[in-house]
Amino acid sequence: MIIVMADKVITRFAPSPTGLPHLGTAMYALLNFLFARQNGGKVIMRSEDTDPVRSKPEYEEAIKEDLSWLGIEWDEFARQSEYLESHKKYIKQLLDSGNAYISAEQAENGEGMRDVVRFKNPNKIVTFNDLARGEISVDTTDLHDFVIARDIDSPLYHLAVVADDYDMGVTHIIRGEDGLANTPRQILIQEALGAPRPIYAHYPFFLTPERQKMGKRNGAMPISDYREQGYLPEALINFIILMAWHPNDDQELFTMQGLIERFELERIGKSGAIFDQAKLDWLNREYMKLLKPDELETKASRFIPKGTEKFLPLLIERINKFSDIPRMLESGGEFDFLVKAPGISKELLMGMSGASESEIKKHLAYILEKGTERDTVWPYAEEHGKGKVLWPMRVALSGKERSPDPFTLVQYLGEKESMIRLEHARKILDS
RNA sequence: GGCCCUAUCGUCUAGCGGUUAGGACGGCGCCCUUUCACGGCGUAAACCCGGGUUCGAUUCCCGGUAGGGUCACCA
């Protein structure tokens, strides 16, 4: 075999389909994707599905679907389970070369003996260069003769990973820092197999507010939940990359294309980043602002209750994500008055207006008579005190202490509905 | 516990021997404004501790401390 295209970059991300993908899964894929793309190489998604009890096809589907939704691509898809023959070949090779041996041992789960395959540890110092962290040296002696196969036909993780990366020609292994401690073991296997050593780069985890590794079982929300809450994939990608990498200038907003151009693998962070929901929400708002009106409407449509589409422009600047919209419109919500007439009280009508009851009555009567047009109400309000006129008008329309200004409300409510509400407010004062 | 990694505002970070330690989110204040939101402006807020090296350390080295990871017949 001749080495083909020795310089071509090949990366991979290898999730195990044992649960729904979360943002950590996306970071893993994104980093590999970006590095491959910016180097004209290819990226492989390898489903590490060899754990028969925990692996589920539907999780594999979910991973593909959610990563695609985020805009992360892969050039090839592989399943580790389909490489069993190759794994067995390498186990045999290691056995034949004396780098591994069969050891009859008590099965871990209880009864019976089993012929496990142990790697013959050369007990040496392994030194490797991590692109992000520099040189790392480990004495492998305390790794002992670790098990690489349950039996001669059943490869375990370390063997399988090394074998697959070798077979697939992977040149760069970009993975989470949990892989850091596994690297020396895998290098030992590579050397015994005569496989080339890929370049390593380890990135840190997302952390919970308690500084724990965020994971499926620890605070990580599935990507699909973000989608259902109406987060924009662009915002999520931007958020993820900022947790792993920063440029050396002040730029913070990146498109995928921009990332492919600017991302630098050597600059990925060294320390874990606590998941910052507020920043994510901010980013999502930034990306919502970038949407053109028709795009906005399309993307928001599935979150908007029937018949309330027209309120979107009013709502959009007060939300972090699309799923906030129904929450604002539902009864008791911040903008429920758009959907149904509010209950109002005399006290609220007076509120911070600074006007007396009779003054308010007079002002409402004026509006009721002359109409709600800004051109007619505004001069009147300036003459009689803006707060004294505008506050009760606004409260009559919204029933809220805080809301958009009365003219905006009229615009969305319509002249007719507005007059009904104004009239109702006047009656409240009369009672 | 052994081994490995990490350590700058509350959070995400820039910095790569000499800086008023920069930016962003969040907070706070002011402006805009009848109120809210949006927007604009401004402000508080950090180099984990102790030794070295150096004329000079946030930056380099060592130690401590703290946090994380890993030590499976899971991946």
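Throughout, protein chains are lettered first and strands after them, A, B, ... in sequence-line order, and every chain is numbered starting at 1. Model, not experiment: these values are computed from the prediction.
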- Query: Does the side chain of A:Thr141 pick up a donor-acceptor pair with the side chain of A:Asp139 at under 3.5 Å?
  - Reply: yes
Notebook entry, point to check: Quick one: does A:Asn99's side chain have a donor or acceptor within less than 3.5 Å of a partner on A:Phe119's backbone?
Noted result: no
Of A:Pro204 and A:Leu390, the one whose nearest nucleotide on RNA chain B sits closer to the 5' end is A:Pro204
In numerical order, the residues of residues 362-388 of chain A whose heavy atoms come under 4.0 Å of RNA chain B are A:Trp378, A:Lys386, A:Gly387
- Query: Taking the same atom, P, in B:C4 and in B:G50, what whole-Å distance lies between them?
  - Reply: 26 Å
| query | Counting any heavy atom closer than 4.0 Å, what does A:Thr183 reach on the DNA or RNA strands: base, sugar-phosphate only, or nothing? | reply | nothing
Find every protein N or O atom lying less than 3.5 Å from an N or O atom of nucleotides 24-30 of chain B, and list the pairs.
from	atom 1	to	atom 2	distance (Å)
B:A24	O4'	A:Glu252	OE1	2.9
B:A24	O2'	A:Glu252	OE1	2.4
B:A24	O2'	A:Lys279	NZ	3.0
B:A24	N3	A:Lys279	NZ	3.3
B:C25	O2'	A:Lys279	N	3.4

### Task
Classify the nucleic acid contact of A:Lys216 as base, sugar-phosphate or nothing, counting any heavy atom under 4.0 Å across all strands shown.
nothing
Note: contacts of residues 84-100 of chain A with RNA chain B (heavy atom, under 4.0 Å) are none
**Study point:** Lys/Arg-Asp/Glu bridge criterion (N-O < 4.0 Å) met for A:Glu76, A:Arg46
**Key:** no
State whether A:Phe77 and A:Lys64 meet the cation-pi test: NZ (Lys) or CZ (Arg) under 6.0 Å from the six-membered ring centroid, and within 45° of the perpendicular axis.
yes
Salt bridge (charged side-chain N to carboxylate O under 4.0 Å, His left out) pairs touching residues 232-243 of chain A, sequence neighbours excluded, are none
Do A:Arg118 and A:Phe146 meet the cation-pi criteria used here (NZ or CZ under 6.0 Å from the six-membered ring centre, within 45° of the axis)?
no
Original post:
Taking the same atom, P, in B:C62 and in B:G68, what whole-Å distance lies between them?
Top reply: 24 Å
Practice problem: Provide the distance between the two P atoms, one in B:C3 and one in B:G64, to the nearest whole Å. | Solution: 11 Å
### Message
If we count only N and O atoms by modelled type, under 3.5 Å, do the side chains of A:Gln251 and A:Arg262 hold a donor and an acceptor together?
### Response
yes
With B for base contact, S for sugar-phosphate-only contact and - for none (protein heavy atoms under 4.0 Å), nucleotides 68-75 of chain B reads SSSS-BBB
Sequence neighbours excluded, the answer for side-chain contact (heavy atoms from CB on, under 4.5 Å) partners of A:Thr18 is A:Ser16, A:Arg54, A:Ser55, A:Lys216
Within residues 311-350 of chain A, those residues having any heavy atom closer than 4.0 Å to RNA chain B are A:Glu317, A:Arg318
Contacts under 3.5 angstrom, residues 336-345 of chain A side chains, donor-acceptor by atom type, not counting sequence neighbours:
from	atom 1	to	atom 2	distance (Å)
A:Asp336	OD1	A:Lys400	NZ	3.2
A:Asp336	OD2	A:Gly332	N	3.0
A:Ser345	OG	A:Leu348	N	3.1

Contacts of A:Glu330 meeting salt bridge (charged side-chain N to carboxylate O under 4.0 Å, His left out) (sequence neighbours excluded), chain-then-number -> none
Taking B:U35, B:U13, B:C3 as options, the one with an atom nearest any side-chain atom of A:Ala273 is B:U13
Exercise for review: For the pair A:Phe128 and A:Tyr200, name the ring-plane relationship: parallel under 30°, tilted 30 to 60°, perpendicular over 60°.
Suggested key: perpendicular
Separation of B:G23 atom P from A:Asn238 atom CG, nearest Å, is 20 Å
Residue pairs passing the ring pair (Phe, Tyr, Trp, His ring centres under 6.0 Å) test with at least one member in residues 152-175 of chain A, sequence neighbours excluded, are A:Phe35-A:His172, A:Tyr90-A:Tyr166
| A:Lys388/A:Glu359 salt bridge by N-O under 4.0 Å criterion | yes
Protein heavy-atom contacts under 4.0 Å, written 5' to 3' over nucleotides 40-45 of chain B as B (base), S (sugar-phosphate only) or - (none), form the string ------
task = Would you indicate what A:Ser271 reaches in the nucleic acid, counting non-hydrogen atoms under 4.0 angstrom: base, sugar-phosphate, or nothing?
result = sugar-phosphate
Check your understanding: Is it true that A:Glu48 and A:Arg79 make a salt bridge, defined as a side-chain N closer than 4.0 Å to a carboxylate O?
Key -> no
N-O pairing of A:Asp281 and A:Lys321 below 4.0 Å:
no
Suppose you measure atom C1' in B:U59 against the same atom in B:U8; what distance do you get, rounded to whole Å? 11 Å
Of A:Phe275 and A:Lys289, the one whose closest nucleotide on RNA chain B sits nearer the 5' end is A:Phe275
Residues A:Lys124, A:Glu191: salt bridge by 4.0 Å N-O rule: yes
ask   = Do A:Glu423 and A:Arg426 meet the salt-bridge criterion of a basic N to acidic O distance under 4.0 Å?
value = yes
ask   = For atom C1', what is the distance between B:G39 and B:U6, given to the nearest Å?
value = 40 Å
Those residues at least two apart in sequence (or on a different chain) that pass side-chain contact (heavy atoms from CB on, under 4.5 Å) with A:Asp276 are A:Ala278, A:Lys279
Kindly assign one of parallel, tilted or perpendicular to the pair A:Tyr231 and A:Tyr226, based on the angle between their ring planes and the thresholds 30° and 60°. perpendicular
Practice problem: For A:Arg267, report the nucleic acid contact type (base, sugar-phosphate, nothing); a contact means any heavy atom under 4.0 Å. | Solution: sugar-phosphate
